[in-house]
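The figures here come from the full heavy-atom set of this structure, side chains too, leaving out hydrogens, waters and symmetry mates.
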Amino acid sequence: MPVHGAPHQCKESFSFIPESKAPPQIAKLRNKDYFTELENGCLGEDVILARKSIRLFSKGCERIFSDFNVDGIVDIMRFNVRGFLEKMDNPTKDIPVASEGEIATIKGKRVYHINLIIRYGMAGREDSFRRFRLVLARNGIRRIEPLPTLA
């Protein structure tokens, strides 16, 4: 029950877990392949499990929002990448390439990928999933790519 008649309850947790302990649906959605293993140097991936549970108690909500027809909520998720950025290498690197029989140097861009899978659930309904790739460099977010959920 809600504390002191509050219309909602919110719980959050955040932890690192071994890749082998990721929920099966998430591992399937991650869809890792041989090239991903090569990119990671066969070291595996770090997995962050962030959970958030929101319970709404209808009687409390009805009392507070009696003047409004409420049929949903908006929850804003914030994911701070600053700690990741601080530990990254330079955003560019000189790369030697062969060009017309000579060795030339080009500037390569160094980026890091964070795969983000979000699972939404509601009592009495099937969970839904959204998948994104955050592409980061030390100087910030380069892009956010929505990816298909092939599960």
Side-chain angles (χ1 to χ4, degrees), residues 2-3 6-57 61 64-65 68 70-151:
V3 178
H8 70 280
Q9 184 179 66
C10 181
K11 296 179 182 180
E12 293 184 79
S13 67
F14 180 96
S15 60
F16 285 91
I17 62 172
E19 191 175 351
S20 62
K21 299 289 185 192
Q25 320 93 300
I26 301 300
K28 185 177 179 183
L29 281 170
R30 175 62 186 93
N31 196 26
K32 262 183 20 176
D33 56 17
Y34 179 69
F35 291 106
T36 306
E37 294 294 332
L38 288 176
E39 288 173 357
N40 291 336
C42 299
L43 297 175
E45 294 181 321
D46 292 325
V47 176
I48 298 171
L49 176 62
R51 294 180 176 178
K52 184 174 191 176
S53 173
I54 301 172
R55 290 185 63 196
L56 298 178
F57 300 98
C61 290
I64 291 175
F65 299 110
F68 303 98
V70 177
D71 60 358
I73 63 169
V74 174
D75 181 46
I76 298 172
M77 182 181 80
R78 297 178 196 271
F79 183 70
N80 188 344
V81 297
R82 184 169 304 176
F84 295 109
L85 300 178
E86 292 171 351
K87 293 175 176 56
M88 291 181 181
D89 211 340
N90 292 330
T92 60
K93 180 179 181 175
D94 290 337
I95 301 173
V97 295
S99 176
E100 299 177 15
E102 295 184 13
I103 301 294
T105 302
I106 62 169
K107 291 273 186 203
K109 294 182 180 178
R110 182 178 282 134
V111 295
Y112 300 82
H113 294 176
I114 295 179
N115 290 283
L116 180 65
I117 298 173
I118 302 170
R119 179 173 74 182
Y120 296 100
M122 185 185 305
R125 296 190 183 171
E126 188 174 330
D127 289 353
S128 63
F129 296 85
R130 299 284 312 268
R131 184 174 168 222
F132 301 90
R133 179 177 296 125
L134 307 179
V135 181
L136 309 172
R138 190 173 69 190
N139 53 2
I141 297 172
R142 304 291 297 191
R143 63 186 174 276
I144 301 173
E145 302 170 345
L147 298 171
T149 52
L150 303 172

Point to revise | Val135 and Tyr112: CA distance, side-chain angles, deciding distance, side chain to side chain contact (heavy atoms under 4.5 Å, CB included) verdict | key: CA-CA 6 Å; Val135 181; Tyr112 300 82; over 6 Å; no

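- Identified under the salt bridge (Lys or Arg N to Asp or Glu O under 4.0 Å) test for residues 115-127, with sequence neighbours left out: Arg119-Asp127.
- Shown here are the side-chain contact (heavy atoms from CB on, under 4.5 Å) partners of Ser13, two or more places apart in sequence or in another chain: Arg51.
- In this structure, the salt bridge (Lys or Arg N to Asp or Glu O under 4.0 Å) partners of Lys52, at least two apart in sequence or on a different chain, are Asp75.
- To the nearest 0.5 Å, atoms CD1 (Ile141) and CG (Leu85) are separated by 7.5 Å.
- Heavy atoms only, all atoms of each residue included: Met88 and Ala137 are closest at SD-C, 3.6 Å.
- Taking CD1 of Ile54 as the reference point, atom NZ of Lys11 lies at 13.0 Å (rounded to 0.5 Å).
- Taking CD1 of Ile48 as the start and CZ of Phe16 as the end, the distance is 4.0 Å to the nearest 0.5 Å.
- Among residues two or more places apart in sequence or in another chain, the salt bridge (Lys or Arg N to Asp or Glu O under 4.0 Å) test is passed with Arg143 by Glu145.
- With sequence neighbours excluded, the residues satisfying side-chain contact (heavy atoms from CB on, under 4.5 Å) with Ala104 are Val97, Ser99.
- Taken to the nearest 0.5 Å, the CD1 atom of Ile95 stands 5.0 Å off from the CD1 atom of Ile106.
- Scanning both residues, Pro148 and Arg131, for their nearest heavy atoms gives O-NH1, 3.5 Å.
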Check your understanding: Given the rule in the side chain to side chain contact (heavy atoms under 4.5 Å, CB included) test, do Arg138 and Asn90 qualify, once you have shown the distances and angles that lead to the verdict?
Key -> CA-CA 6 Å; Arg138 190 173 69 190; Asn90 292 330; 2.8 Å; yes

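- Sorted by first and then second residue, the pairs that involve residues 89-100 and meet salt bridge (Lys or Arg N to Asp or Glu O under 4.0 Å), not counting sequence neighbours, are Asp89-Arg110, Asp94-Lys107.
- Of the inter-residue distances, the one linking Ile117 atom CD1 with Phe129 atom CZ reads 8.5 Å to the nearest 0.5 angstrom.
- Scored by the salt bridge (Lys or Arg N to Asp or Glu O under 4.0 Å) test, Arg130 finds no partners at all (sequence neighbours excluded).
- Of all heavy-atom pairs spanning Phe132 and Pro146, the tightest one is CD2-CA, 3.8 Å.
- Partners of Asn80 under the side-chain hydrogen bond (donor to acceptor under 3.5 Å, both in side chains) rule, at least two apart in sequence or in another chain, do not exist in this structure.
- Residues passing the side-chain contact (heavy atoms from CB on, under 4.5 Å) test with Pro18, sequence neighbours excluded: Ser20, Lys21.
- Separation of atoms CG (Leu136) and CZ (Phe84) is listed at 8.0 Å; rounding is to 0.5 Å.
- Scanning both residues, Pro96 and Ile103, for their nearest heavy atoms gives CB-CG2, 3.9 Å.
- Heavy atoms of other residues, nucleotides or ligands lying less than 6.0 angstrom from CE of Met77 number more than 12.
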